[in-house]
Amino acid sequence: MKDYYKTLNLTSTATDEAIKRNYRSLAKMYHPDVNHGNDSAAKRFAEITEAYDVLIDPKKRAEYDGKCRAERAQAQARANAQAAYNRPNASAGANAKYEAQVQKDANAVLNAVASKSYKEGYAAGFKSGDEKAQKLSTAINKLTGEMNELKRREQSYINDRRELESELFDRDREIARKTDQVTELESQLTWLRRLSSLGNTDTTATKQVESAKLRIMTLRDALEKNDGVAATIQDTTSLTWHTRRKELNEQFIKLDKALNMMSAEIKDMNEQMERRRKQYTDEKFLASMAAHAKEWSKKQSSDMKLAKNTLYGTLGVLIWATDEELKAAYEKLVELYSKNTDKHSRDELHKVKQAYNTLQNPASRRDYNTSIGFSEEKIIQEQALAKKNQAAQKEYRDKLADREFWKNFDELSALALAGEPEAQNVLGELYYKGEKIERDFTHAVYWFREAFESKLPAAMYNLGVCYRNGEGVSKNMTIANALFRQASLRGLKIFDTK
């Protein structure tokens, strides 16, 4: 029978710590990786492992110790029998009797050893297993409690987040509604103040427009029928009629101007309302995209960790990088490392070239992806997600820029309505160019005229361009040249008046 204690250089009273310590020491010495091609070392390693497997297990060790004691008892019995047999002058009957007694004693010892070994091994194994089971059960209960607590916290966080999002959404909607109301009231108040001289401040915008239209049509009819009026008024002199006609014409011009102003402002109000509705929709999109951007950033960090120790990490790209991204990264790294001649740069350049040679070939790239645990379906799916995210990010950036423009546009409109000539001129230019808003020459002319009343040179020039090109007004070169001349006299450098 093999002596496992001797194999590990131990005694039969060795502790588990001593068994583990000697096993590690001998395993390092005779391990096949350290002794390539050495059959005796491999055999010795197998013996060490076998001995460790038996002695480290309480049940197996108890059984082994029992067998060893039984074997020693048998050996002692055989030795005693042999000694009796070899005694001189011993009779055959005495030897037989003595051998029978020795065998009986040996059997008794063997039975006692076997029974004791079985009981000790069973007790030790049961005790060890029970202790391990109790420890495992305690650990499982602890982990279960921690997991339940984490689930409870997670659900609490989810509920809190939902309530907060709902509250923020309601607040944003209320703020947007109140902002629209304030903007509309400020706009109405501005043009109502401008019309206070007409005595119509107690009417709504729509009624004022209709009233102004009716009055203008009445005046126009009166002007067209001046001959009939002159014929019916026999005692009116030509001078009196001329004065009356002049008064009617001035009133007509004044009302026409008021009508244009109210129409322009009402159009502004409608456009602002439409923009507010669009802005409200955009704000919801921007909020969702901001959250999406955070999640995508976390995903990108995770993807970079996956690619770190792969050929993709050598090129500094993600595992699902496109062919164009691979080529761009490769060319950039080649240019970087080719500038230096030190050993590190040469080694890195060699790694980059090897990685690119493998990944640029579809077949070898597919095999490599499989070797690192990524299927073609997964690669295609991730590339589609990246493409979708790029499109969403572009839309996100465009809406941000659009929101900034309309924020500035609203501020500019408020300044223009308040009578700021520079703001009026810039607002007219925006309508004239029609880059971010719908092109409207009539609207542009209106704001140029408002700024012209403050004798702003730039507004004079812009209004002259409208008269020169017949945009928003009837074409009139005489008025255009006069406006250009006035702008020049007030210090504006004019390069194009043709």
Side-chain angles (χ1 to χ4, degrees), residues 180 183-184 186-188 190-191 194 205-206 209 212-213 256-282 394-395 397-484 486-487 492-498:
D180 290 343
T183 302
E184 182 179 355
E186 288 178 347
S187 177
Q188 291 181 7
T190 300
W191 58 256
R194 286 188 166 195
T206 304
V209 172
K213 286 182 179 179
D256 185 53
K257 182 179 179 181
L259 175 63
N260 290 336
M261 184 177 69
M262 286 188 294
S263 298
E265 290 178 352
I266 288 174
K267 182 180 179 182
D268 281 343
M269 291 166 56
N270 292 333
E271 290 176 351
Q272 287 179 16
M273 289 292 292
E274 183 62 29
R275 285 201 308 275
R276 293 289 181 186
R277 284 192 290 269
K278 183 177 181 297
Q279 183 179 359
Y280 177 69
T281 304
D282 290 347
K394 182 181 183 303
E395 184 180 1
R397 290 191 296 270
D398 291 343
K399 286 189 181 295
L400 279 177
D402 190 58
R403 181 177 66 173
E404 188 65 23
F405 169 82
W406 286 115
K407 178 181 177 182
N408 295 333
F409 182 84
D410 290 342
E411 184 178 353
L412 186 68
S413 299
L415 291 172
L417 289 171
E420 177 60 41
E422 291 286 352
Q424 292 168 342
N425 182 62
V426 173
L427 195 59
E429 289 177 347
L430 288 175
Y431 278 111
Y432 183 87
K433 295 176 182 177
E435 293 177 353
K436 278 282 189 177
I437 58 177
E438 184 180 357
R439 197 173 194 182
D440 190 332
F441 292 131
T442 302
H443 227 52
V445 169
Y446 167 77
W447 287 114
F448 289 150
R449 282 177 172 169
E450 289 293 306
F452 170 79
E453 291 183 0
S454 300
K455 298 180 174 58
L456 186 68
M460 294 178 181
Y461 171 78
N462 289 332
L463 195 56
V465 172
C466 292
Y467 274 105
R468 181 192 66 187
N469 300 333
E471 296 166 333
V473 291
S474 299
K475 187 173 182 179
N476 191 319
M477 288 303 300
T478 301
I479 297 177
N481 291 330
L483 289 168
F484 291 147
Q486 290 297 321
L492 183 67
K493 293 183 179 181
I494 300 175
F495 301 98
D496 178 24
T497 57
K498 295 182 180 181

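The structure displayed is predicted, hence computed values, not measured ones.
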To the nearest 0.5 angstrom, please state how far the CZ atom of Arg439 sits from the CD atom of Glu471.
-> 6.0 Å
Determine, step by step, whether Tyr461 and Val465 satisfy the side-chain contact (heavy atoms from CB on, under 4.5 Å) criterion, reporting the C-alpha distance in whole Å, the side-chain angles of both residues, the deciding distance to 0.1 Å, and the verdict.
-> CA-CA 6 Å; Tyr461 171 78; Val465 172; 3.8 Å; yes
Do the rings of Phe409 and Tyr431 sit parallel, tilted or perpendicular, given the 30° and 60° boundaries?
-> perpendicular
Exceeds 12 heavy-atom contacts within 6.0 angstrom, atom CD of Glu422 = no
Taking the inter-plane angle between the rings of Tyr432 and Phe448 on a 0 to 90° scale, is it parallel (under 30°), tilted (30 to 60°) or perpendicular (over 60°)?
-> tilted
Tell me, with the steps shown, if Trp447 and Glu450 meet side-chain contact (heavy atoms from CB on, under 4.5 Å).
-> CA-CA 5 Å; Trp447 287 114; Glu450 289 293 306; 4.2 Å; yes
Would you check if the side chain of Asn462 reaches a backbone N or O of Ala458 as a donor-acceptor pair within less than 3.5 Å?
-> yes
Which heavy-atom pair separates Pro421 from Leu456 by the least distance, and what is that distance?
-> O-CD2, 3.6 Å
Sequence neighbours excluded, the answer for side-chain contact (heavy atoms from CB on, under 4.5 Å) partners of Phe452 is Met460, Leu463, Leu483
Pair Arg468-Met477, side-chain contact (heavy atoms from CB on, under 4.5 Å): steps then yes or no | CA-CA 5 Å; Arg468 181 192 66 187; Met477 288 303 300; 3.6 Å; yes
Does some side-chain heavy atom of Ile479 sit less than 4.5 Å from a side-chain heavy atom of Val473?
-> no
Over all atoms of both residues, closest heavy-atom pair of Ala459 and Asn425 | CA-OD1, 3.2 Å
